[in-house]
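No hydrogens, no waters, no symmetry mates; every other heavy atom, side chains included, goes into these values. Whatever order the structure lists ligands and atoms in, that order sets their numbers, starting from 1.
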Amino acid sequence: MPPKRASRRAARRATAAPDIGTRLAALARHLWWTWNPDPQRLFAALDPVLWEATNHNPVRTLAELPPERRASLAEDAPLARLLADCERQLKRYLAAPTWFRRAAAPHQRRMRAAYFCAEYGLHECLPIYAGGLGVLAGDHLKSVSDLGVPLVAVGLLYRNGYYRQSLRADGTTQVTYPEYDFTQLPLHDTGRVITVPVGRRAVRTKVWRAQVGRVPLYLLDTDVAGNAPADRAITQRLYGGDSETRIRQEIVLGMGGVRALAALGERVTVYHLNEGHAAFCTLERLRQLRAAGVPWERAQQTVFETTVFTTHTPVPAGHDRFAPPLFRRYFNPLARALGLRPDELLALGRERPADRAEPFCMTVLALRLAERVNGVAELHGDTSRRMWKHVYGLAEPDHVPIGHVTNGIHTETWLAPEARPLYERYLKPRWVGAGPEDDWWRAVDAIPAEELWALRNLLRRKLVHFVRRRLTQQIQRRCEPVSERIAALNTFDEQALTIGFARRFATYKRAPLIFHQARRLAAILSDPRRPVQIVFAGKAHPADRAGQAFAQQVFRQARAAGFRGRVVLLEDYDMHVGRVLTSGCDVWLNNPLRPQEASGTSGMKPPLHGGLNCSVLDGWWPEAWNGRNGWAIGDGTARASRADQDRADAELIYTLLEREIVPLFYTRDGRGVPQGWVRRMKDSMRTVCGVFNTHRMVAEYVRLYAP
Ligand SMILES: *Cc1c(COP(=O)(O)O)cnc(C)c1O
């Protein structure tokens, strides 16, 4: 097309309606697309290679389009149709009557919650999450949006995000931190800069907004011109710094978050602290109340009645603790403002207030100042009551006022697009309800076994190809010989029973456990008539040497003679890898040391695709397992030592694989369908998907937000 005509046409469009580039850019910055397949299909169609290369970032895909592709957009009729359709869908979504409007009690209508979390897993292209906590927070916001719950959220925007993991040729972890250009992320600049007192310094903090459907998520960023270098670095890395960095980050999140909401004119009736990181929120609110002349007791009571706290881990190292001198350095001015002696303020974060050597614990602060406290699964509630009874001065755990709200997942985020046509046909009217009480998964028996099995085969095939592609990239990056590349392309079998293990490589999760008796495992995997393969993925915390050593062990095993081609470790686990693995695997393995897994949510994802859990009875699994919808490793009894526990649990896994899992998978009828296996798949879908989702979870939180 001659350029003159194009520019005339462009000029005409500019006066009439926004041009296609503007409309695409607007859609890209509305994170509704992160849980809807059509807009993702639209962005991929712009440039499929760029879409992959940017880790599915539509803002960058648009910005980096080659000029000739950009010029052709306006002429691309199918693209224009899909764009118009997506815009209609989004408009309809935002205008639809919501569950909250229909179901909320009159006193709940007035509520407005503020949700605080240090990380949010909304999508792989927005690198402000590390693992399960962030993914849970992201899924929470998406369900809040779907259900129309009045809520705003607060978090931090990290210049270098969370680290990217690659493994060297010897399996050791290489940690890299990319530098993100925030204008190239799907965010909005609110134009606001607030001031947060951090110790004696006033730190200028910029406020960004991620629009998650109906929910605004405000992200705080201290990398602002004019701040001292140390202050600019506060929001540099997620979980990357020392305890000094950590206390500063938590001041910005908790205290800065309250200030940001006030500056934006957000009216808040209840504060939800998702994990202890945000607990300083309570201190800023106390400060404001005291500054307004409210007496100390009343201020405390007010904060107490309007705070909800969710604790997320029974692992002691998972709770932030600050040495008293460090705490004093940052909080002596606040103590004065509150009219307290420094030790009185410190006591709010101590299990034993009189113990002047005890560090200040964020969880304890939140426990003391939140009326409604919960763990994230029934078992975790129980563990938490035992763990924190001293804070309440109680000897009897049953009297400790900590309840539980079992975690969930946001169904549409985790459902593979390839599964939708089948569910649209059989799970009527839809597989995710307009309200938390709608459970269409009960209708799963309507799906013919052959069709469900065909979907399973399709998703496994997609996984196998993904594994080969990723493996090839890993091998190329390590400069390995072509023989390794050939091996990568021969890795895995599209028809073989596929086991997945992907999660943070914290040591209590015991990633290498299945290699306990290597020879026995090799025999299971390499039976030529009944082959089995295992895919691993996971990052350890950047400072967790023991966790990284676990990654190295798995890496080495994957290259050992007995396992080559049948065991794979994928690098840089993220939400994309998570989606492919949880939709592609037949069995999802989970073998933590009980009761250290607070909930776990990755196991809730495979059942959406007929995947079966094989898990220690920890976290959410005791609530879901019924003997028919997957497998339990052991019965929950604990052994005397870690070594005994490892030996016993590994033995149980082998026995399950040899006697139950492998035979059931390979027992086929005349048409090649494993009827017994498919029955289990349906049991898993029916019992897990309708309950362990964030719609149900958010409805439970609404009862805590406005009791
Ligand atoms: C679902 C998910 C998690 C949660 O995993 P658990 O170990 O079960 O808590 C963590 N990371 C990613 C990327 C996920 O998708």
Enquirer: Just do the side-chain hydrogen bond (donor to acceptor under 3.5 Å, both in side chains) check on Thr61 and Thr54 with the steps written out, would you?
Expert: CA-CA 7 Å; Thr61 300; Thr54 61; 3.2 Å; yes

Enquirer: Can you check whether Trp33 and His56 have ring centres sitting under 6.0 Å from each other?
Expert: no

Enquirer: Which one holds for Thr582 and ligand 1: side chain close, backbone close, both close, or neither close, with close meaning a heavy atom under 4.0 Å?
Expert: neither

Enquirer: Distance to 0.1 Å, residue and atom name: give those for the protein heavy atom nearest to atom 5 (O) of ligand 1.
Expert: Ser602 CB, 3.6 Å

Enquirer: Distance under 4.0 Å to a non-hydrogen atom of Arg503: what atoms of ligand 1 satisfy this?
Expert: 7 (O)

Enquirer: List the closest protein heavy-atom neighbour of atom 10 (C) of ligand 1: residue, atom name, distance to the nearest 0.1 Å.
Expert: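 Ranked first by proximity to atom 10 (C) of ligand 1 is Gly132 N, 3.4 Å.
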
Enquirer: I want to know whether Phe692 and Trp621 have ring centres closer than 6.0 Å.
Expert: no

Enquirer: Do Tyr115 and His140 have ring centres separated by under 6.0 Å?
Expert: yes

Enquirer: Considering both backbone and side-chain atoms of Asp574, is one of its nitrogen or oxygen atoms within less than 3.5 Å of a nitrogen or oxygen in ligand 1?
Expert: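 So ligand 1 has no N or O lying under 3.5 Å from an N or O of Asp574.
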
Enquirer: Geometry only, no angles: is Lys509 polar-contacting ligand 1 at N/O separations under 3.5 Å?
Expert: yes

Enquirer: Taking the six-membered ring for Trp and the single ring otherwise, decide whether the centroids of Phe563 and Phe515 are under 6.0 Å apart.
Expert: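 Yes, the ring centres sit under 6.0 Å apart.
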
Enquirer: Once you round to the nearest 0.5 Å, how far does NE2 of His516 lie from CG of Leu521?
Expert: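 Rounded to the nearest 0.5 Å, the NE2-CG separation comes to 12.5 Å.
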
Enquirer: Do any heavy atoms of Met604 fall under 4.0 Å from ligand 1?
Expert: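 Contact check Met604 vs ligand 1: negative.
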
Enquirer: Quick one: which of Arg164, Arg477, Gln473, Gln165 gives a side chain to side chain donor-acceptor pair (under 3.5 Å) with Glu571?
Expert: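 Single side chain to side chain donor-acceptor pair (under 3.5 Å) partner of Glu571 among Arg164, Arg477, Gln473, Gln165: Arg477.
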
Enquirer: Does an N or O anywhere in Lys605 fall below 3.5 Å from an N or O of ligand 1?
Expert: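 Yes; the residue has a nitrogen or oxygen that sits under 3.5 Å from a nitrogen or oxygen of the ligand.
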
Enquirer: Nearest protein heavy atom to atom 12 (C) of ligand 1, by residue and atom, and its distance?
Expert: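 Result: Tyr573 OH, 3.3 Å.
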
Enquirer: State which residue, out of Lys462, Arg461, Arg460, Arg579, fulfils the salt bridge (charged side-chain N to carboxylate O under 4.0 Å, His left out) condition with Glu418.
Expert: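 Passing option: Lys462.
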
Enquirer: At a 4.0 Å cut-off, with the gap strictly under it, does some heavy atom of Arg579 reach an atom of ligand 1?
Expert: no

Enquirer: Below 3.5 angstrom, do we get any N/O pair linking Trp414 and ligand 1?
Expert: no

